[in-house]
Amino acid sequence: MRKSVIALLFMIGVISARGDDLNIEGSTMTDKRTAETFAEVIEGSYSGYDCSPEIDDAELRGIVINAPAVVNYTPGVSEPLHGGFARIIVCATYHFGFTKFDFNGDAEDSIVFVAVDEQSLVSYSGTMAPYNDNIAEMDEEEESMERLDPIAGYINPNLAVIMNLPEKDADYIVYAVLQQFESNRVRISVRASDE
Amino acid sequence: MMQTDKLPNFGPVSNPLLLRLSGPGILIVGPDLAGLDTAFNISGRFIVSQEDFERMDGVPHRHLVLTVLRKSLYGSMHPFKNYVIFQDDVAKIGDAYSGWFSLDVWDYSKFRYEGTYYIRVSLGEALSNVVKAIMPPSTGE
């Protein structure tokens, strides 16, 4: 299996929460938004990090995201491995029902991230991997079964890469959606480094 | 983008869900079932705080972001970015501002195929409810 840590079966209640703003119902996101917290994240990985939101409600079905408040970049310099002009990392944690969003469904790769540049009125969207057409649509009965046998996992895209964001200073409002699921919103400021 | 010459509609819509909005946020309504050969109309209402209104230069309609998802296809766009917005398109209610909008998703979506669509509209940090609409295959008639 190509994903390292990924989804955990939530047979036991789980996960602690840290209080803070931008909550989505039944969940709180981590308050660690410093660049240092995100420095350790391998972009494009499926592992949990300190930046990964923690969820205390085993009943929650959805996506919770966390991102650095400020991202600095060096003008004209691209990250050699993935090519992004900056590491605009979003740490996302998801809880979905096992019935449809199973490991074979690669649901996490189908999560659509949206970044809105409020200044220039341009929005960007992208997924960490090609959207998987194999995810079945749920009927109402299946949606009610979402409360059973949930899975959880992590996804850590670099928005500069998956959305091909332009190299410029900007302030983004970011969120993630997948079918009927949606995340909290976070703000990210991207600034050229003075160095 | 399949943008048309149609003018956007910023008039109020008589819908109980939209009328229910009483504080900052955004709500939308749309069909459960629509057609590939007919309009895919959604309507919405938003309320923004004075602070957000000023941050949006007094034209929150331009900041609305339409998000369209359909299985492998997705997109997000500012549908009213290039339209003229008049002062009376937004109403002051107490210390906040309220506005309405209606649009045909097909005018902005870059794809138009059968399937299940998930439509949302965001405004600043506010994200609307989701409208889930099924598009049956075109009859070709």
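Naming convention: chains lettered A, B, ... in sequence-line order (proteins, then strands); numbering from 1 in each chain. The figures here come from the full heavy-atom set of this structure, side chains too, leaving out hydrogens, waters and symmetry mates.
- Taking the six-membered ring where tryptophan is involved, the planes of A/F96 and A/F181 are tilted, since the angle between them lies from 30° to 60°.
- Using a 4.5 Å heavy-atom cut-off against chain B, no residue of residues 84-92 of chain A qualifies as contacting.
- Cluster annotation: B/V84 and B/F101 are assigned to distinct hydrophobic clusters (Ile/Leu/Val/Met/Phe/Trp/Tyr, side-chain heavy-atom contacts under 4.5 Å, transitive).
- Both the backbone and the side chain of A/L121 come within less than 4.5 Å of a heavy atom of chain B.
- With sequence neighbours excluded, the residues forming a ring-ring contact (aromatic ring centres under 6.0 Å, His included) with B/F80 are B/F10, listed by chain and number.
- Cluster annotation: A/V64 and A/F38 are assigned to distinct hydrophobic clusters (Ile/Leu/Val/Met/Phe/Trp/Tyr, side-chain heavy-atom contacts under 4.5 Å, transitive).
- Of the possible donor and acceptor atoms, none in the side chain of B/S109 sits under 3.5 Å from a partner among the backbone N and O of B/W106.
- Interface check for chain A: of the options B/N129, B/V130, B/V65, B/D57, the most heavy-atom pairs under 4.5 Å are formed by B/V65.
- Among B/G124, B/A126, B/G75, the residue making the largest number of heavy-atom pairs under 4.5 Å with chain A is B/G124.
- Of the atoms belonging to B/T67, it is side-chain heavy atoms, and not backbone ones, that fall under 4.5 Å from chain A.
- Within the model, atoms OH of A/Y175 and CD1 of A/I111 stand 15.0 Å from one another, a figure rounded to the nearest 0.5 Å.
- The choice from A/V122, A/V174, A/V114 that makes the most heavy-atom pairs within less than 4.5 Å of chain B is A/V122.
- For B/D52, the side-chain hydrogen bond (donor to acceptor under 3.5 Å, both in side chains) criterion is met by B/R55, not counting sequence neighbours.
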Would you list the atom pairs, donor with acceptor, under 3.5 Å between side chains in residues 22-33 of chain B and any protein atom, with sequence neighbours excluded?
none

